[in-house]
Every structure is written in structure tokens, then in C-alpha cells.
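I have placed the structure first, in the form of C-alpha cells, so that the comments after it can refer back to it.
For reference, positions follow the sequence shown, starting with 1.
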Amino acid sequence: MQNFIKEFFEILKENEKETLIRRSGSTRENSNEKIRSGQSYLYKLHGMESEVLEIRFAKKVHGSPLNRALTETMRRYPYFSTRLIEKGGDFYIVQNDVSPVARKTKTLAALGGAQCGYHLIDITYFERSVYLSFHHALCDGRGVKPFAETLVWYYCKFAYGNEKTIEGVRLAGEPLLPGETDDPFLETYDYDTTKNFISLPRDAFSLPESAEPSDGADYRFEASIPHDEFMAACKRENATPVILLSLLVSRAVAEVCPDYDKPINANIATDMRKELGHPNTFKNCVKSIILPYGRDFAALSTKAQATRYRELLNAQRDRDYCRREADAMLALFDKLDSLPSYEEKRKIMAFFEGMLLNTYVVSYLGQFVLGDNAQYIESIHLYNSGTAGLGVNMIACGEKFVLDFKQSFTSERYVAAFLSQAEKEGLHFEAGERIEFTTPTDKLLKRKI
């Protein structure tokens, strides 16, 4: 009898899930919306660590105008007022009737859990900072950036009375852009299979610290440089911001590890939206691009190095190349879809948990659209726990470029070497002390660990 009751309730539970999945998705008009583009972030053994955008204001943040700003912002982005439902090991996105609330706290909530109303984003604030936590299964940095820009606009309206229109900032009442909720990984892509595509080896130099056991903590260093100074250097050397950053970091690694026996690889997180025909989607749409740094390359002038990196970037951003890469990712998602349970899917993804992209990872989120509100913002940072080895995030914020060096080890020698290499290029970065931090893993489901 007891087993019958348990089975009966399980059937009711599954029926309720099916009903919710049929009723909504990223918007109330969508339905049966299974997560595809963010699948690889859903099957980590201990859950996925939150990504955090920290928007640091010049003055103390107040809760009342921030919550008013959040309410208006959510009207424009219904796909961030959502939660996930797990069914048969798959995850579906549905509308969340629990309104998000900005809470005053130094502690970040686990996304997908009760503390944040089961949302996949969460807004908290403390002193001068607003923390926008988001789950990588829902979106990438480029997907959440417009949301952050809108939130800042409304906060500055309610806190400072600034209602100046800023081109590029989306406001409540405006319709979604065409394809804004598209999933770019539902169908395979056509591309020119006769092309000779570039092939770069991923076998690269590994930082000695990457092999060391982690103490369980994460560390980061903040650095910044005036926007105009950095852009002048880019123009002088025929570089882009991400190219110049990669050159400086690779030189820093070479300075610290002069006996490197393999190429020093910068792994660049790169947006594929345009190449895949989904320019407006908020969902994950990135791949990794490699910029290698070897001894022969090191002997070239900075301008020659930057020019070569431009060629490599263009070859890896080629429309057909990106579509071939997307099809390879689709093959993994199709494999996951074919497996019958969460545990089976997690076993497949366990292979990727131990993988490390040697030598380091770079992510450039681009220029934040702040307009006249830049006067109220000190800096914007992007970081997350769980980085193995070294990662560098960069954001253009108002009159400066802001860098966050994330690492799984305590040593500051790579940051010090970076500052030394920057000085040789005539650049004047300012850097802070080491910060120990953590961003929590999600609570999308109860894990048996």
C-alpha cells in the first residue's frame, strides 16, 4: 500500500511537470523549451558555480531604488524571470511566478534554490556594489549584459533622477528583438565543407600551478587602465583589446616560466551569434579561439605579433568555420539527449570536468553601454569560482578597462609579470591586492554525492 501511494504521488509529480513545461518557456508564449545551448553546464558533479557581474558604484547602493529598477528591468526581460524543471535528466525552462527581489547581503545565494526564489539569476547588494549572479546554463556574458545595462539605467533614474535616453539600452515596454529567445543549437548548420580550415593544436604549455592540488579557495586580482591609453596602444600596434591583452599575458607567462617547452596558448571565449544567424539571442553562443605564443613568435615586433593574431582570429571567426564548430557541439548535445537519465548524462559530462584549457583563458565582455550614467559607476567586474589554473576577464567600463585575474592558486607572480610587461609597452595599469572569494554552486536538484 505504501509503495502504491509513493508511485501515485510520483505520477502526479511527473504530470505536473509536463503541464508546466507545456504552458511556458523563456516567455509565457513559449513552451516545451528544453535547455540545449547551456546543457554542458547542467551536469557538474557538485553543481555549476555562479557567474557574477559586480557593478561597483561611486556611492552606497540603496535597496528601494534598486528594487524599483529590478521590477522595471524584469518587464523588459521575461526570460530572466524563469526557473528550470528537470524531467528524465533533461532541463526545461519555464516562467517563474515568484518575483525576484534585490536583497542586502554579502552572501551570494545558490542559483536555482529557495533562497533566490528558484531563479537562475539573483540580484544582491552591499555597500557600493550590486551583484548580478547568473547561471551559465541560462545565458552567457553577452546574453546578460543588456539586462545589466537596463538595470543600471533604471537604478540611476530612481536613485539620481537621471532619465537621459541612452542609445542601445533596452527599456520596459519595448518588444523583444527578433530571435531574442532563440536557441542556436537546435538544428545543424550548412557550411562550405570544401574549405581548408585552420587547425591549431590545443596541446600547450601548462602552468606549474595547474598541477598543484587546490586548497579549495579561489583568488582574484583586480587591475584597470585608462580606456584612451589602452586604445591608443591598440591603434599603434594594429591590435584589438583582446589581442593586446593576450600578448601581455602570454609574455608574462613566458617571463615567469622561461623554460616553457610548448606554445603558450590564450584560449579566447568568442561570440558566434552573428556567424550562426542568431545575433539577438540571449542564450549561450560561444566557442574558444586559440592564440598561440611560441619562441619564434616572441622574437617578432609587437605590431607583427598583433597582425598575425588578427589573421588567426579572422580564420577562427570565419562563418563556415564557426558553423562547423557549432555542429561539433550539437553532436554532444544530441548524445546527451539520447541518454535516459540524469546520472547517465552526468557520467558523459564527467569527462569534461577534469579538462583544462592550457595555458590560460581570456574573456572580453566588451564595452558596457552606460552613456551619461558612467559618472555614477566606479567599475564593473566579472568573476566566478571553479577556475582551474588562470583566467582573465576584461570589461570596458566608462573611461577605463577593468581586468579580473582569476586563479586557483595564491601566487601573484603572473599578475606582477603582467604589470611589468605592460610597463614595457608604456601602459600604466593599476592593480589591487589578492582577493579570496567564492561563488556558490547551484541547487537545481538534490545531488547524491
Honestly, is R220 close enough over F405, meaning NZ or CZ under 6.0 Å from the six-membered ring centre and within 45° of the axis?
no
Less than 4.5 Å apart, any side-chain heavy atom of D122 and any of P100?
no
Ring centres under 6.0 angstrom apart (Y79, F282):
yes
Do D337 and K34 sit within salt-bridge range, that is, some charged N less than 4.0 Å from a carboxylate O?
yes
V52 vs N384 side-chain heavy atoms within contact, under 4.5 Å
no
Side chains of V152 and F147: closer than 4.5 Å at any heavy-atom pair?
no
Using the benzene-type ring in the case of Trp, are the ring centres of Y219 and F437 under 6.0 Å apart?
no
Does a salt bridge link R128 with E378, judged by any charged N lying under 4.0 Å from a carboxylate O?
yes
Closer than 4.0 angstrom, basic N to acidic O: yes or no for R319 and D192?
no
For this output row, return yes or no: ring centroids of F409 and Y414 closer than 6.0 angstrom.
yes
Using the six-membered ring wherever Trp is involved, compare the ring planes of H136 and Y41 and label them parallel, tilted or perpendicular (cut-offs 30° and 60°).
parallel
Are F57 and Y376 close enough that their ring centers fall under 6.0 Å?
no
Could you check whether R434 makes a cation-pi contact with F221, meaning its NZ or CZ is under 6.0 Å from the centre of the six-membered ring and within 45° of the ring axis?
no
One should read off an interatomic distance between K235 NZ and T240 OG1, to the nearest 0.5 angstrom, of 15.0 Å
Is there a side-chain contact between P241 and F401 (heavy atoms, below 4.5 Å)?
yes
Where does the angle between the aromatic ring planes of Y155 and Y160 fall among parallel (under 30°), tilted (30 to 60°) and perpendicular (over 60°)?
perpendicular
State, yes or no, whether a side-chain contact exists between D404 and V402 at a heavy-atom distance under 4.5 Å.
yes
To the nearest 0.5 Å, atom OG of S224 lies from atom CD1 of I395 at 12.5 Å
Looking at R170 and E149, is there a salt bridge between them, counting it only when a charged N and a carboxylate O are closer than 4.0 Å?
no
With rounding to the nearest 0.5 angstrom, report the CD1 to CD distance, I380 to E54.
10.0 Å
Aromatic plane relationship, F418 with F429 - under 30° parallel, 30 to 60° tilted, over 60° perpendicular
perpendicular
Is the closest side-chain heavy-atom distance between H119 and R83 below 4.5 Å?
no
is_close_aromatic(Y191, Y321), centroid dist under 6.0 Å
no
Under 3.5 Å, is there a donor-acceptor pair between the side chain of S129 and the main chain of R56?
no
Out of curiosity, D218 CG to T387 OG1, how far, rounded to the nearest 0.5 Å?
6.5 Å
Could you check whether atom CD of E412 has more than 12 heavy atoms from other residues, nucleotides or ligands sitting under 6.0 Å from it?
no
Got a second to check how far S246's OG is from I290's CD1, nearest 0.5 Å?
12.0 Å
Could you walk me through whether E430 and K400 pass the salt bridge (charged side-chain N to carboxylate O under 4.0 Å, His left out) check?
CA-CA 11 Å; E430 294 183 0; K400 66 178 75 172; over 6 Å; no
Taking 4.0 angstrom as the limit, do D271 and K287 come out as a salt bridge?
no
With the side chain counted from C-beta on, respond yes when R323 and L276 share a heavy-atom pair under 4.5 Å apart, and no when they do not.
yes
Where the side chain of K262 meets the backbone of D203, is there a donor-acceptor pair that is under 3.5 Å apart?
no
Could you tell me whether a side-chain N or O of T359 sits under 3.5 Å from a main-chain N or O of I264, the two making a donor and an acceptor?
no
Should the pair K44-D442 be classified as a salt bridge under the 4.0 Å nitrogen-to-oxygen rule?
no
Nearest non-hydrogen partners of N373 and C156, listed with the distance
OD1-CB, 3.3 Å
Pair E229-H428, side-chain donor/acceptor within less than 3.5 Å:
yes
Can you label the angle between the Y293 ring and the Y260 ring as parallel, tilted or perpendicular, going by 30° and 60°?
tilted
Kindly confirm or rule out a cation-pi arrangement of K145 over F368, judged by NZ or CZ under 6.0 Å from the six-membered ring centre and within 45° of its axis?
yes
Is any side-chain heavy atom of R273 less than 4.5 Å from a side-chain heavy atom of P184?
no
Please report the interatomic distance CZ(R413) to OG(S420), rounded to the nearest 0.5 Å.
14.5 Å
